[in-house]
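Here the structure comes first, spelled out in structure tokens, and everything after it is commentary.
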Amino acid sequence: MIYYSLNKNSENTSFKDAVVKGLAPDKGLYFPESITPLPKSFFDNIDNLSYSEIAFEAIKQFVSPEIPENVLKTIVEETLSFDFPVVQLNDNISTLELFHGPTMAFKDVGARFMARCLGYFNKENTNEVTVLVATSGDTGGAVANGFLGVKGVNVVILYPSGKVSDIQEMQLTTLGQNIKALEVDGTFDDCQAMVKTAFLDESLTSKMQLTSANSINVARWLPQLFYFMFAYKQLHNKHENIVFSVPSGNFGNVCAGMMAQQLGLPIKHFIASNNENNVVTRYLQSETYEPKPSVQTISNAMDVGAPSNFIRIQEIYKNNFEGLKENLSSYSFSDNETREAMLEIFNDCNYVADPHGAVGYLGSKAYLKENPNAHCVFLETAHPTKFLDVVEEVIKEKQPLPEQIQSVMGGKKVAISIATYEDLKGFLLN
Ligand SMILES: Cc1ncc(COP(=O)(O)O)c(C=O)c1O
Ligand SMILES: N[C@@H](CCOP(=O)(O)O)C(=O)O
């Protein structure tokens, strides 16, 4: 597949180069040159396909010819070694649980897929690659886990000090080996801006090969389209009019859902469910795109003021505002509403949701008021115990800790404090 830069000021490139570079030289995100829908028979036959078979068919065109089919099969099978169950909460609302991987958030699939692609491309390369990651909570842990011990790859994670949960912080600061954590005096947007600046800094890029493991990177972002296909497989015999409510921050996940739809997946509509960081909710109301500094919320991984992937969404819709509005609704909710939703889901559905999933639930309810015939699936993007304080305080019940969470408890935090881009540069050069 050929990829082009959305800033339209760099040369087109291959999948391999897009993965190894992360961001185009003109600072644009890469986007595939074409999307060929899968045949109708693929969707008609989806009941007979395993998750790995679905994923293989769905991603093949985006990674070939650089990743041969036999290698891709192995990458996909290794990536998807856990479950993605849909749980029905009532007649109109289900949740797709995306937290059964090693770090218990939906980032595990993209991180594992990308680590394997980079490992494959790096096999014969003796040069080391430095993977820079900005995280508001979950990407950092997933990338740390996915890339731990990968030969020739150094990972540097930037996270906003005091703005991630305790468990998220342990997941990204305690592993050691080739994983380094930088605790930034700032917000997630500051971390993301520093990472993007580093890619453009020739005094760095002339000395080291930098890439990104944020959804900037197509190998991290595109595998997220699998989720929507996995949910469809589980639901299409029971429900028509499937609508996905995606708790959104950097907008990679909902944009990946739109890619699944471009491949032919019959999705009726998307809902981008936001916390108070609601640049896209405001855009759909006013047609004015006005990023603002992020505010801190209990759904911290969505505390993003300037979402990276919105430009990819604009590209899918060719900047047609009305076309986008037909396919995407967006709502924004306060922390109080989120807490009330967590309690309602617990009392009415006997289900424990995390704050991000609860925002997705609220988006489903808001949409259903106007569209009562839809079946809404909100993505449960992280396990509730990653946000133990908030969850236990709201539902007033102790939660058992899954093995994946227990395994990082009590680890020794190692992180270097930084405040400016110059600090980051100094760290990388040393
Ligand atoms: C738990 C959780 N939910 C939702 C999101 C938002 O996803 P996206 O950035 O793809 O919009 C994130 C962060 O990416 C997250 O970690
Ligand atoms: N919410 C994310 C922010 C980064 O998103 P990404 O999908 O671009 O990596 C996080 O948890 O770090």
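Atoms within a ligand are numbered from 1 in the order they appear, just like the ligands themselves.
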- Query: Who's closest to atom 7 (O) of ligand 1 heavy-atom-wise, of Trp221, Phe251, Phe188, Phe106?
  - Reply: Phe106

- Do the ring planes of Phe84 and Tyr227 sit parallel (below 30°), tilted (30 to 60°) or perpendicular (above 60°)? tilted

- Query: Does the side chain of Lys107 pick up a donor-acceptor pair with the side chain of Thr135 at under 3.5 Å?
  - Reply: no

- Counting only heavy atoms not in Lys60, do more than 12 sit closer than 6.0 Å to its NZ atom? yes

- Message: For Trp221, state whether at least one heavy atom is located under 4.0 Å from any atom of ligand 2.
- Response: no

- Task: Say whether Gln171 and Thr103, considering side chains only, have a donor N or O and an acceptor N or O under 3.5 Å apart.
- Result: no

- Query: Among protein heavy atoms, which sits nearest to atom 8 (O) of ligand 2, and what does the distance come to when rounded to 0.1 Å?
  - Reply: Ser215 OG, 2.5 Å

- Under 4.0 Å between a Lys/Arg side-chain N and an Asp/Glu carboxylate O for Lys8 and Glu315? yes

- Specify the protein heavy atom at minimum distance from atom 12 (O) of ligand 2: its residue, its atom name, and the distance to 0.1 Å. Thr135 OG1, 2.6 Å

- Message: Can you name the atoms of ligand 1, numbered from 1 with element, that are less than 4.0 Å from a heavy atom of Asp138?
- Response: 1 (C), 2 (C), 15 (C), 16 (O)

- Query: Ring centroid separation for His100 and Phe82, is it under 6.0 angstrom?
  - Reply: no

- Contact check, Ser136 vs ligand 2, heavy-atom distance below 4.0 Å: yes

- Do the ring planes of Phe378 and Tyr361 sit parallel (below 30°), tilted (30 to 60°) or perpendicular (above 60°)? perpendicular

- Item | Protein contact to atom 11 (O) of ligand 2 [nearest heavy atom, distance to 0.1 Å] | Asp138 N, 2.7 Å

- Item | For Asn250, atoms of ligand 2 separated by under 4.0 Å from a heavy atom | 4 (C), 5 (O), 6 (P), 8 (O)

- Task: Classify the contact between Lys107 and ligand 1 as side chain, backbone, both or neither, using a heavy-atom distance cut-off of under 4.0 Å.
- Result: side chain

- Interfacing atoms of ligand 2 (cut-off 4.0 Å, heavy-atom, Arg220): 6 (P), 7 (O), 9 (O)

- Among Asn300, Val408, Thr139, side chain to side chain contact (heavy atoms under 4.5 Å, CB included) partner for Gln168: Asn300

- For Gly252, counting its heavy atoms only, list the atoms of ligand 1 lying under 4.0 Å from any of them. 8 (P), 10 (O), 11 (O)

- Heteroatom distance test (Thr139, ligand 1): nitrogen or oxygen, under 3.5 angstrom: no

- Query: At a 4.0 Å threshold, what atoms of ligand 1 neighbour a non-hydrogen atom of Pro247?
  - Reply: 4 (C), 5 (C), 6 (C), 7 (O)

- Note: Met302, heavy atoms under 4.0 Å from ligand 2, region reported as neither

- Atoms of ligand 2 close to Phe188 [distance to a heavy atom under 4.0 angstrom, numbered from 1]: 3 (C), 4 (C)

- So is there a nitrogen or oxygen of Asn309 less than 3.5 Å from a nitrogen or oxygen in ligand 2? no

- Task: Would you mind checking which non-hydrogen protein atom is closest to atom 5 (O) of ligand 2, with the distance to 0.1 Å?
- Result: Lys107 NZ, 3.3 Å

- Answer yes if the side chains of Ser332 and Asn274 hold a donor-acceptor pair under 3.5 Å, and no otherwise. no

- Query: ligand 1 and Thr381, any nitrogen or oxygen pair closer than 3.5 angstrom?
  - Reply: yes

- Query: Less than 6.0 Å separating the ring centroids of Tyr283 and Phe321?
  - Reply: yes

- Exactly one candidate in Ser299, Ser248, Pro247 meets side chain to side chain contact (heavy atoms under 4.5 Å, CB included) with Thr381; the answer is Pro247

- Taking only heavy atoms of Asn253 into account, list the atoms of ligand 1 that are under 4.0 Å away from them. 10 (O)

- In terms of the angle between their ring planes, are Phe310 and Tyr289 parallel, tilted or perpendicular, with boundaries placed at 30° and 60°? parallel

- Tell me, please: is Gln168 in heavy-atom contact with ligand 2, that is, under 4.0 Å? no

- Task: Give the contacting part of Asn214 toward ligand 2: side chain, backbone, both or neither, where contact means a heavy-atom distance below 4.0 Å.
- Result: both

- Judging by distance only, is a nitrogen or oxygen of Ala382 under 3.5 angstrom from one on ligand 1? no

- Query: Out of Thr197, Asp201, Asp190, which one pairs with Tyr421 under the side-chain hydrogen bond (donor to acceptor under 3.5 Å, both in side chains) rule?
  - Reply: Asp201

- For Asn250, take its heavy atoms, then give the atoms of ligand 1 lying under 4.0 Å from any of them. 8 (P), 9 (O), 11 (O)

- Taking atom types as modelled, is there a side-chain donor on Asp303 or Asn277 under 3.5 Å from an acceptor on the other? yes

- Item | Closest approach of any protein heavy atom to atom 15 (C) of ligand 1, naming residue and atom | Ala301 CB, 3.3 Å

- Is ligand 2 less than 4.0 angstrom away from at least one heavy atom of Gly137? yes

- Message: Would you say Arg312 and Ser215 are linked by a side-chain donor-acceptor pair, where the criterion is simply a distance under 3.5 Å?
- Response: no

- Note on the structure: Closest to atom 1 (N) of ligand 2 (heavy atoms only, candidates Gly110, Ala301, Cys255, Pro307) is Ala301

